[in-house]
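For reference, the structure discussed in these notes is given below.
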Number of protein chains: 2
Amino acid sequence: MASLTVENYLKAILQLAAATNSEWISTGQLATSLSVAPGTVTSMLKTLSESGLAAYKPYEGVCLTKAGRTLALRVLRRHRLLELFLVKTLSLTWDQVHAEAENMEHSVSDMLIERIDEYLGRPETDPHGDPIPSADGLMRGNATAAVPLSTCQALSKVRIVRVLNQQPDFLRYLSETGLEPGATALVELNSMEGGLISAKVGRKTVSLGHQAAEQLLVETVPQ
Amino acid sequence: MASLTVENYLKAILQLAAATNSEWISTGQLATSLSVAPGTVTSMLKTLSESGLAAYKPYEGVCLTKAGRTLALRVLRRHRLLELFLVKTLSLTWDQVHAEAENMEHSVSDMLIERIDEYLGRPETDPHGDPIPSADGLMRGNATAAVPLSTCQALSKVRIVRVLNQQPDFLRYLSETGLEPGATALVELNSMEGGLISAKVGRKTVSLGHQAAEQLLVETVPQ
DNA sequence: CAAATAGTTTTGACTGGTCAAAAAAACGAG
DNA sequence: CTCGTTTTTTTGACCAGTCAAAACTATTTG
Ligand SMILES: [Mn+2]
Ligand SMILES: [Mn+2]
Ligand SMILES: [Mn+2]
Ligand SMILES: [Mn+2]
């Protein structure tokens, strides 16, 4: 029903809102995120508003309605299930699946998504640790108390649960060093002054800048 | 590069040409096949012609160029590999996969298709027995001497290799009766006058009208 | 062969999505 | 507050894809 374009706008609004902890998103943020001219966004926001998918206040920004949020979550669900499916069945790597899912998310039926969900055993997170919205339109898994690796003290034992920066280069670097969701690491050093953090992963010790370590969400593991 | 619409037109031209054994396809045929107004087709044919994908002669019709044929075959390859992949991994039925692949065929990368091809073991035919164009742009498998079931004499033993009519209802009927590609059948009766043909499939005998039997391509099996 | 019919192209219009550049509004120092 | 900067909206234009209906060709058929 909703066009590919509308789906992309709604998903972008949802994700920007999540990333910035604020319901309202500005025209400019959307334009940047979608690589589109600001005027283009303005006109699309009017369209979304007219179709009841978003509330638009000129010069203030946009906010999803119930219906818009539901649709956005459905697209996000398709996206994340597809990512996991491609990793599981075809061994694509986690740095490849995003681009692939970005296109496919608009062209698979609900029936197919249900089959994929079933096949994967109703997973809760995608390959990047991002939560998969449930079939009934809820965003799950925001309960877990994950914190950025950059905030972890030396000697704490942690498990990586989510990666926020999903640039392919960064993801490949993480794969090389073993810092993937599910892996556990022992923090050996966290130096404010040096701006870096070292952790033992497997038998190797890897060091990351704070900037990078902020992008890794971990949960602490009882020793 | 080529839009979804262009891909659909090219694929339709290719398949109409195959179905009618003639390079040239009329505006009207395309309009029917794509469920679009004739005038719409005319203007798209000019576009295809300008981009070097097809040769268009007003009032005569259209014919794919080398480039157009290559692109059409790539789309068809994606379509058929996707169909088989969905059947194999998610147990979709052969009457469901066409609709699904019709949309997905435009949104999967060459890399993904290569992975699927590898995963499936470089298959030569899709779930309907249609040949899968090769990665280097050739239509394979036109060598086999398959004939319509309707032409088979009584007492001949045949293997079903391809189904031409792919209406979901028809396909489901075939599944019920076991007349799927790969299955063998023993022709018990082929009556011109009665206009029907009976064959033993497994332990059951099934009868088909000639119209339906024409849609089943078979190869004879040495007794 | 001419008239009727069938098929095709043209015309004019519309929608959805986009951009560049001009105009307007909001913001933030001083 | 007021001027200059940033952000947003408006304007006018464009492209792809589509339709309905009129105009035109081609093909039948009497
Ligand atoms: Mn997308
Ligand atoms: Mn993801
Ligand atoms: Mn298609
Ligand atoms: Mn098929």
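The shown structure was predicted, so the numbers you read here are calculated from the model rather than taken from an experiment. Chain letters run A, B, ... following the sequence lines, proteins first, then strands; residues in each count from 1.
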Tell me: [atom1] of [X] to [atom2] of [N], nearest whole Å?
X	N	atom1	atom2	value
B:Leu10	D:dG17	CG	C1'	15 Å
A:Leu48	C:dG16	CG	C1'	12 Å
B:Glu60	C:dA6	CD	P	22 Å
A:Lys46	D:dT11	NZ	P	8 Å
B:Met44	C:dT10	CE	P	15 Å
B:Tyr9	D:dA16	OH	C1'	11 Å
B:Glu50	D:dA16	CD	P	10 Å
B:Leu4	C:dG17	CG	C1'	15 Å

Using a 4.0 Å heavy-atom cut-off across all strands, classify [X] as base, sugar-phosphate, or nothing.
X	value
A:Val41	nothing
A:Pro38	base
B:Gly39	base

| Selected nucleotide, minimal atom distance to A:Tyr59 side chain, candidates D:dT18, C:dC19, D:dT9 |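 Nearest to the side chain of A:Tyr59 among the choices is D:dT9.
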| Nearest to the side chain of A:Val6, which nucleotide is it out of D:dT8, D:dT25, C:dG17? |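 Within the option list, the nearest is C:dG17.
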Compare side-chain N and O positions of [X] against OP1 and OP2 of [N] and report whether any pair is under 4.0 Å apart.
X	N	value
A:Thr5	C:dG17	yes
A:Thr27	D:dT9	yes
B:Tyr56	C:dT9	yes
A:Thr47	C:dG16	no
A:Ser43	C:dT18	no
A:Thr42	D:dT8	no

| field | B:Tyr173 backbone acceptor or donor facing B:Thr177 side chain under 3.5 Å | value |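 Yes, B:Thr177 side chain to B:Tyr173 backbone: donor-acceptor pair under 3.5 Å.
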| message | Does this structure show an ion pair linking A:Arg78 with A:Glu7, if we count only N-O contacts that are shorter than 4.0 Å? | response |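 So A:Arg78 pairs with A:Glu7 through a salt bridge.
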Check whether the side chains of [X] and [Y] place a donor and an acceptor atom closer than 3.5 Å, and report yes or no.
X	Y	result
A:Glu50	A:Thr47	no
B:Gln166	B:Asp130	yes
A:Asp126	A:His79	no

| request: Identify, between A:Pro58 and A:Ser3, the residue whose nearest nucleotide on DNA chain C lies closer to the 5' end. | output: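 Nearest-nucleotide comparison on DNA chain C picks A:Ser3.
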